[in-house]
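Have a look at the structure below, then the notes.
Convention: sequence-line order gives letters A, B, ...; per-chain numbering from 1. These numbers come from a predicted model, not from an experiment.
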2 protein chains.
Amino acid sequence: MTKTIRLKDVAEAAGVSHGTASNVFNRPELVRDEVRERVREAARALGYAGPSPAGRLLRSGKVNAIGFAADQPLDYLFRDPWARRILTEVAEVCDARGAGLALVSVTEEHPTGWNIESALVDGFLLSGSGRKFLVEMTQRRGLPFVSLSLDTRDTDVPAVCIDDFGGAQAAARHLLELGHRRFAVLGFALGDGPGRVTPREVQATRSMNVLERARGYWAALAEAGIPEAEVPVHAIGRNGGNVGEALALLFADRATAPTAILAMADRLALAAMAWLEGQGLRVPQDVSVVGFDGVPEAASSTPPLTTMEQPYRRIAERSVAAILDDAMPEGREVLPLDLVLRASTGPAPS
Amino acid sequence: MTKTIRLKDVAEAAGVSHGTASNVFNRPELVRDEVRERVREAARALGYAGPSPAGRLLRSGKVNAIGFAADQPLDYLFRDPWARRILTEVAEVCDARGAGLALVSVTEEHPTGWNIESALVDGFLLSGSGRKFLVEMTQRRGLPFVSLSLDTRDTDVPAVCIDDFGGAQAAARHLLELGHRRFAVLGFALGDGPGRVTPREVQATRSMNVLERARGYWAALAEAGIPEAEVPVHAIGRNGGNVGEALALLFADRATAPTAILAMADRLALAAMAWLEGQGLRVPQDVSVVGFDGVPEAASSTPPLTTMEQPYRRIAERSVAAILDDAMPEGREVLPLDLVLRASTGPAPS
DNA sequence: CCCACCGTTTGAACCGATTCAAAAAAAGTC
DNA sequence: GACTTTTTTTGAATCGGTTCAAACGGTGGG
């Protein structure tokens, strides 16, 4: 293999100093026209492709790239709808800024290889930092990082997250305005199996997202005079489970069944609509459903789902800026959600 | 901001030489236990997180990461089904090897920023190198690269691609074995609008994929005594278009209508099945359909689509190995496709 | 007691660039 | 022509490591 051409070689060939050659590529306006051309010519003749990123990096310390890290295998980033959605936005934002994007996976079983410790990036976006593992790993590296989807009570970790409480509140208010009075909440990561869970169980969940959303729903309903106790929370269970089973209990007695379902995730809402359709219940004439997250599928379901959409773009912009512009959020930064009105909600049946 | 801790600082603190400190992290077996512990202790005390990747990179020249480049905006990699599918496999392969994955976008309009020239990677995987642009850009950088989805007659470019001809042949043979005699081919990137195109037009296409697939179909059918002229090729037109329109012409006369459709892409096949269902034609009882590509949706359509599946995993493995193990393919390397039998093909109607 | 050998450690060279104070050259001024 | 200014160019320091030949200290054999 032929020796690589270095800037020095080009400089020698052109009969100028190392420093001048560097200027030709980085601040051409400093170099006299004639010299600049001579250096360029030499570079061409030698097949020099421009300063190597590695050398530049070492000196400047800036990579101009961000790392997107997840505590999951890499392919997860392409399979999981939320990760994919946010990553798409992050990609667009990086693109617009001319920054690079590297994907990083860190699993506890497989902590070696290219990971948080060795990735050539200026900082990290952390996805799925439910467990402290990822955060601790990243802190050790000493690069700036922002946690997306932070799910902890710890408010010291720099994070860009969504206003679960406010979003849930808005969802409930929307249904209240439509005249609904009999609600049910559909949650996840609660209880052991499908079925109703008590407010106490909700309070005890380790998932801040779930807790805040529940509290948001309760708060809005309480304002309208509907106490927590009258709002059944049904969940699919911590280890997944069937939405149908959870709903079957809810709709066992049609007379007291809810007219409005507050789903803590679009996935749940979509499953609920499918189940309702199977039961001959019409959405939104008989039951209104509002989701949470704003996944792409929500726009194309039948009927299209009314949902609280996460501000994906703004999350991406804010967190990328945090790393690249050194504009780290002070602790947790909360972004509002948008209520997207579609066809799955309507006036309460009379 | 506090000064960063360098390996040198640790070495000094531990009272050893720079070189020994380096060995502690990279070849600990060379260092005496007592000294090793002393250095580790000093590192801990100073908050040193281990050798910085930047320095290491400069010396060793290896990044241990591959760049996935497309001549499209970055988000394309998450939106386009083919790109996403192959990227998922590439991600898994990289993960398994402990290698990094960086995403790179190079568009002619937006050639600045982090791109082929500046990405810190060991080599590139090129997606969508239909136009020479991407290839030329990459060649200039001087790093190894492999073109995926190469679509050119130029056989010098290192590439890992699929056996379009053989795949098409296998698809046609499958239908022949089921007794079909009246075929139609459904293509894309042919002609100006939806409708039939002549063999001459097919020969003239710039897309090697399309041409090779067509030739594969023709070759298999010719073996069974069905000449090119009896196989109508319908296409949706170069600028997209409606599959229904193309099919409507084909099925105008039910007596001479094909009993088997060879679609050059699953997308076309799925659209065709939807149209056929709309027309009251049953798949596969009335018409058999076989796709090409093996996109995930093909497995869950109704009926599930029989298709020639691309060997995504092998493409990923082969191309990643090419870069990281310096096992570049000699010119173009062709991988076979798998016929995946599902429910969209059946015996020819009698 | 000398020497060869082995396991450790050192020190300097090198990787490929950027940066900046200072020197050199060119251009103005009087 | 001598003196300022301004524009270019130079050369050395620096970034944070890795690597390797050589030096070193200790051991065992003869």
Side-chain angles (χ1 to χ4, degrees), chain A residues 1-40 42-43 46-64 117-122 141-143, chain B residues 1-40 42-43 46-64 117-122 141-143:
Chain A
M1 154 150 167
T2 159
K3 201 169 164 321
T4 35
I5 294 108
R6 316 198 292 305
L7 183 57
K8 199 174 127 199
D9 303 321
V10 175
E12 273 166 20
V16 300
S17 81
H18 195 163
T20 300
S22 173
N23 281 338
V24 169
F25 291 100
N26 295 291
R27 300 136 84 178
E29 71 282 2
L30 289 186
V31 181
R32 198 150 42 94
D33 289 13
E34 189 250 321
V35 175
R36 189 181 334 127
E37 261 326 298
R38 189 145 44 88
V39 173
R40 290 237 170 91
L46 266 53
Y48 181 69
S52 110
R56 190 207 307 282
L57 157 65
L58 183 54
R59 185 69 237 246
S60 72
K62 273 286 176 194
V63 185
N64 193 31
E117 283 169 13
S118 62
L120 287 160
V121 296
D122 295 317
R141 168 76 187 263
L143 287 178
Chain B
M1 155 151 166
T2 159
K3 201 169 164 320
T4 37
I5 293 107
R6 314 197 293 306
L7 183 58
K8 201 175 126 197
D9 303 321
V10 175
E12 273 167 19
V16 300
S17 81
H18 195 163
T20 300
S22 173
N23 281 338
V24 169
F25 291 99
N26 295 291
R27 299 136 84 177
E29 70 282 4
L30 288 185
V31 180
R32 199 152 40 94
D33 290 13
E34 189 250 319
V35 176
R36 192 186 326 132
E37 261 326 299
R38 188 144 43 88
V39 173
R40 290 237 170 90
L46 266 53
Y48 181 71
S52 111
R56 187 208 308 282
L57 157 65
L58 184 53
R59 184 69 234 237
S60 72
K62 274 285 176 195
V63 187
N64 194 29
E117 281 169 13
S118 62
L120 287 160
V121 296
D122 295 317
R141 167 75 186 265
L143 287 177

Residue Thr20(B), side-chain heavy atoms: nucleotide from dT10(D), dT10(C), dA17(C) that is nearest | dT10(C)
Name the closest nucleotide to the Ser17(B) side chain, picking from dT10(D), dT18(D), dT10(C).
-> dT10(C)
Separation of dG7(C) atom P from Asp33(B) atom CG, nearest Å, is 14 Å
For nucleotides 12-15 of chain C, print each protein N/O atom paired with a nucleotide N/O atom at under 3.5 Å, atom names and distance only.
residue	atom	partner	partner atom	Å
dC14(C)	O2	Arg59(B)	NH1	3.1

Val24(B) backbone acceptor or donor facing Arg36(B) side chain under 3.5 Å | no
Round to the nearest Å and state the distance from Leu57(B) atom CG to dA17(C) atom P.
-> 12 Å
How many Å lie between CZ on Arg36(B) and P on dG7(C), as a whole number?
-> 15 Å
Hey, what do you get for CZ (Arg56(A)) to CG (Leu120(B)), rounding to the nearest 0.5 Å?
-> 9.5 Å
Protein-nucleotide distance (Lys8(B), atom NZ; dT14(D), atom P), rounded to Å = 8 Å
Between P of dG17(D) and CG of Asn26(B), the distance in whole Å | 10 Å
What's the shortest heavy-atom distance between Phe25(B) and Leu7(B), and which atoms?
-> CE1-CD1, 3.9 Å
CZ/Arg32(A) to CD/Glu34(A) distance, rounded to the nearest 0.5 angstrom?
-> 5.0 Å
Take the protein atom CG of Leu7(A) and the nucleotide atom C1' of dG11(D), then report the distance between them rounded to whole Å.
-> 14 Å
Report yes if at least one side-chain N or O of Ser22(B) is closer than 4.0 Å to OP1 or OP2 of dT18(D); otherwise report no.
-> yes
Name the nucleic acid region contacted by Tyr48(B), choosing base, sugar-phosphate or nothing; use a 4.0 angstrom heavy-atom cut-off, strictly under.
-> sugar-phosphate
Using a heavy-atom cut-off of under 4.0 Å over every strand shown, decide if Arg27(A) touches base, sugar-phosphate, or nothing.
-> sugar-phosphate
Over how many whole Å does the gap from Leu30(B) atom CG to dC24(D) atom P extend?
-> 20 Å
If you check the Arg32(B) side chain, which of dT19(C), dT10(D), dT8(C) turns out closest?
-> dT8(C)
Quick check: does any side chain N or O of Arg141(A) sit under 3.5 Å from a backbone N or O of Ala119(A), one acting as donor and the other as acceptor?
-> yes
Would you call Arg40(B) and Pro28(B) a side-chain contact if the rule is heavy atoms closer than 4.5 Å?
-> yes
The side chain of Arg56(A) lies closest to which of these nucleotides: dG11(C), dT9(D), dT18(C)?
-> dT18(C)
Should Val63(A) and Leu57(A) count as side-chain neighbours, where that means a heavy-atom distance under 4.5 Å?
-> yes
Over how many whole Å does the gap from Asp9(B) atom CG to dG16(D) atom C1' extend?
-> 10 Å
